[in-house]
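Just so it is clear: chains get the letters A, B, ... in the order the sequence lines come, proteins before strands, and each one is counted from 1. Heavy-atom basis, side chains included; hydrogens, waters and symmetry copies ignored. Keep in mind that what you see is a predicted model, and the values were worked out from it rather than measured.
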Number of protein chains: 2
Amino acid sequence: MNEDLEMKNRIEIVEDNDVVRDGLKLLINSMSKHNVVAAYISCEQAIKNLDKDLPDVILMDLDLPGMSGIEGIRRIKKRNQEIHLIVITVHEDSEMVFEALCAGASGYITKNANHSRLLDAIDEVQSGGAPMSTRIAKMVVSSFQRNQNSPLTSRETEVLELLAKGKSYTVIADELFIHKETVKSHIKNIYFKLHVNSKADALEIARKNKLI
Amino acid sequence: MNEDLEMKNRIEIVEDNDVVRDGLKLLINSMSKHNVVAAYISCEQAIKNLDKDLPDVILMDLDLPGMSGIEGIRRIKKRNQEIHLIVITVHEDSEMVFEALCAGASGYITKNANHSRLLDAIDEVQSGGAPMSTRIAKMVVSSFQRNQNSPLTSRETEVLELLAKGKSYTVIADELFIHKETVKSHIKNIYFKLHVNSKADALEIARKNKLI
DNA sequence: AAACAATCCCCCAATCTTAGGTATTTTTCA
DNA sequence: TGAAAAATACCTAAGATTGGGGGATTGTTT
């Protein structure tokens with residue numbers, strides 16, 4: 001039971017619900033290769049003891065008293081890039097998912113996942129993977145794909161992409177081998193179709209609707 | 001064997017290597033719920049027969065004679081958004097991965113994956129998932145994360161983000177509650193640090209290095 | 001025939017961008 | 001605590017960009 005404690009994977013839990021936290025702890029400790037070195041109810045506590053606990057993997061809830069899990073991920077990653085953070089949450093809304101991934105989460109598992117999936121996730125991050133629940137993976141992959149019902153023509157989309165890269169009308173014209181005035185016409189049409197009248201607004205609408 | 005053909009999942013394969021293609025066909029047909037309705041060596045053939053074959057899922061190689069798998073994915077998705085495309089390839093380089101996902105792939109499995117993983121992937125796309133090999137998932141998740149060794153300060157990064165949204169110096173100043181001249185100073189410093197002297201170049205370098 | 005897409009042209013005024021500077025205050029870190 | 005870095009603000013100036021008007025032609029698709 002306590003032999004080779006040094007060799008075990010050091011797992012930490014940050015979760016404010018007592019039942020869930022204790023359940024996770026029991027589950028993980030039931031694997032001889034893992035050792036739950038700490039379990040906290042807030043990011044503040046976890047961060048304070050980070051240098052003492054030295055976790056390899058942290059399972060992190062997102063709804064926490066005080067500092068949010070997202071901010072916690074950001075700060076922990078900043079302090080130590082080696083630590084793998086796996087989000088364990090009920091949230092499946094895209095905003096949360098992308099914020100957590102941008103903040104530095106290596107995995108994202110929803111709480112309805114079964115136990116073996118969770119244990120697999122711990123192994124997976126440690127071998128350089130990125131475990132995700134099915135629906136999360138779908139959201140992530142979908143984020144790369146464009147809206148197929150764009151009101152813009154392909155040429156307009158092309159112009160808007162170059163605009164998004166910060167290029168001027170002149171440069172866009174050169175790259176597309178068309179006249180600068182043509183670029184202006186396209187942009188006028190884009191603004192009309194998107195009901196905007198500035199570059200920033202056009203880009204905002206376009207990105208929100210995945211037109212570019 | 002041939003009872004309830006109508007109810008089976010209609011699977012199609014596009015793969016130019018005979019051995020691989022036949023192997024996949026045998027493997028998939030060994031599952032009573034699946035039926036390989038077509039197997040082609042090129043996207044051109046697959047597209048020509050799309051309305052006849054009516055596949056639910058297509059397993060697609062990327063290196064193909066003639067039209068590339070990427071372009072094939074794009075065209076097939078355009079023709080029928082309902083079809084799930086799973087990339088089956090040896091390529092693990094990020095460019096290929098992201099191009100395939102942007103083109104509309106629902107999954108991305110590398111050829112070294114074991115058979116059950118591949119069969120699982122077919123089930124997974126049909127239930128709305130996005131099956132990926134471990135390393136692919138990691139690449140995808142990493143793509144959300146920034147370079148932690150940015151030469152830019154957090155304020156500079158903030159300014160650059162707003163610039164990337166197409167906002168003018170004036171608007172940026174307003175949003176950050178600072179003077180327009182301060183924004184200019186930040187941008188001068190950004191250009192200096194990134195060794196560029198224009199917005200478009202700064203954005204290109206910043207995006208390439210995941211500074212924003 | 002009508003609608004759409006892509007191309008090009010003109011004018012104009014306001015704003016923006018980049019390039020030189022300098023300088024103060026605040027924060028961070030060794 | 002003292003130096004360095006970061007964030008802030010200001011100045012001048014020229015040239016480029018942007019957005020709002022107006023229009024026109026050519027081809028494609030329906």
**Report entry** First and last nucleotide of DNA chain C, 5' to 3', lying under 4.0 Å from heavy atoms of chain A
**Finding:** C/dA5 to C/dC11

Quiz: residues 60-73 of chain B side-chain donor-acceptor pairs under 3.5 angstrom, not counting sequence neighbours:
| unit_1 | atom_1 | unit_2 | atom_2 | d |
| --- | --- | --- | --- | --- |
| B/D63 | OD1 | B/H91 | NE2 | 3.2 |
| B/D63 | OD2 | B/H91 | NE2 | 2.7 |
| B/S68 | OG | B/I70 | N | 3.4 |
| B/S68 | OG | B/E71 | N | 3.1 |
| B/E71 | OE1 | B/R74 | NE | 3.1 |
| B/E71 | OE2 | B/R75 | NE | 2.9 |

**Report entry** Side-chain donor/acceptor contact of A/K199 with base of D/dG19 under 3.5 Å
**Finding:** no

Query raised in the report: Counting side-chain heavy atoms from C-beta on, which of D/dA7, D/dC10, D/dG19 comes nearest to A/Y191?
Result: D/dG19

Report task. In whole angstrom, give the distance that lies between atom CD of B/E181 and atom P of D/dC11. Result -> 8 Å

Report task. Please confirm whether any donor atom in the side chain of B/S185 sits under 3.5 Å from an acceptor in the base of D/dA9, or the reverse. Result -> yes

Report summary line: A/K188 atom NZ is separated from D/dT17 atom C1', nearest whole Å, by 14 Å

**Report entry** Integer-rounded Å distance: D/dG20 P and A/I187 CD1
**Finding:** 11 Å

Report summary line: Side-chain contact check for B/I178: nearest option of D/dG19, D/dT8, D/dA6 is D/dT8

Query raised in the report: When we call it a touch if two heavy atoms are under 4.0 Å apart, what does B/T182 touch: a base, just sugar-phosphate, or nothing?
Result: base

Query raised in the report: How is B/N197 classified with respect to the nucleic acid when contacts are heavy atoms under 4.0 Å: base, sugar-phosphate, or nothing?
Result: sugar-phosphate

Query raised in the report: Does the base of D/dG21 carry an N or O that pairs as donor and acceptor with the side chain of A/K184 under 3.5 Å?
Result: no

